[in-house]
Amino acid sequence: MSWADPLTPTVLIVEDDPAIGHHLQVGLQSSGYPTTWCRTGSAGLLHAQKAHPDVVLLDLGLPDLDGVDLARALRGDSPDLLLIILTARSAEIDVIVGLDAGADDYLVKPFSLTVLLARLRAHLRRRPRPVEDEQSVIELGALSIDLAARRCLVDGAEIALRPKEFDLLAALASRRGAAVSRETLMDEVWDENWYGSTKTLDVTMAGLRRRLTTIQQQTATPGSAVPPAIVTLRGYGYRLENPGRTTYERPRG
Ligand code: CA
């Protein structure tokens, strides 16, 4: 994600608390999200109508407008908006009212920037992107992953993966052989409980490896593709390596 990328989601913060607003703006900007901060509800609404941000972080307790009313107005103007409510009220009823007003998610103050960024990534990943068609198939040597169809093929042979195994392989393959930390994988594949145990990552990784090994055994003929290997990087994470093909020519005729 970079400033030059026109597909980078833009963020609007509507927050009257100067410390929180400043902290969020600096944090989001430095994470690559072009960010605007409005200190009142009416300024926020005006900006949203003019600039059409992709994401709005909305404080419910604003000096001029009722946050829930504002959430409803923003949602009414823009059905595709990712709307996250920031609230100091943790009472369940406030959360329900906020979600009913059209919010996609909520964070109860105080929350950490890390948690906010993880939620943002999780939500944005699920959203259809305009370039989905171009980017929906990842080719890495013999491995082909169709993200839209959720199909995985090695040398044309389909591997049946469990949902999380597919997500895990897609997360590794989309880095095209670069090392990926356990934290990143937890964020991307298990976003809803990234704070929980990472044991589930080990279990899913073992299952994925087992399936890749199985396909290798099934397709182990001269000239057939060797499926990608998942290398463990101790104390860090994993890397997907694509060894290519066996050195033999495929028999002809
Ligand atoms: Ca406030």
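Bear in mind that the values here come from a model prediction, so they are computed numbers and not experimental data. As the structure lists them, so they are numbered: ligands from 1, and atoms in each ligand from 1.
- Looking only at N/O/S atoms, Asp59 comes nearest to the Ca ion (ligand 1) through OD2.
- Using a 4.0 Å cut-off between charged side-chain N and carboxylate O, Asp100 and Arg75 make no salt bridge.
- Backbone or side-chain N, O or S atoms of Asp16 reach the Ca ion (ligand 1) at under 3.0 Å.
- More than 12 heavy atoms of other shown residues, nucleotides or ligands fall within 6.0 angstrom of atom CZ in Arg72.
- For the side-chain contact (heavy atoms from CB on, under 4.5 Å) criterion with Leu58, the lone passing option out of Thr87, Leu70, Val68, Ile84 is Leu70.
- Glu188 and Arg125 are not joined by a salt bridge, as no carboxylate oxygen comes within less than 4.0 angstrom of a charged side-chain nitrogen.
- When distances to the Ca ion (ligand 1) are checked against a cut-off of 3.0 Å, Gly61 contributes an N, O or S atom below that limit.
- In summary, no N, O or S atom of Asp17 is located under 3.0 Å from the Ca ion (ligand 1).
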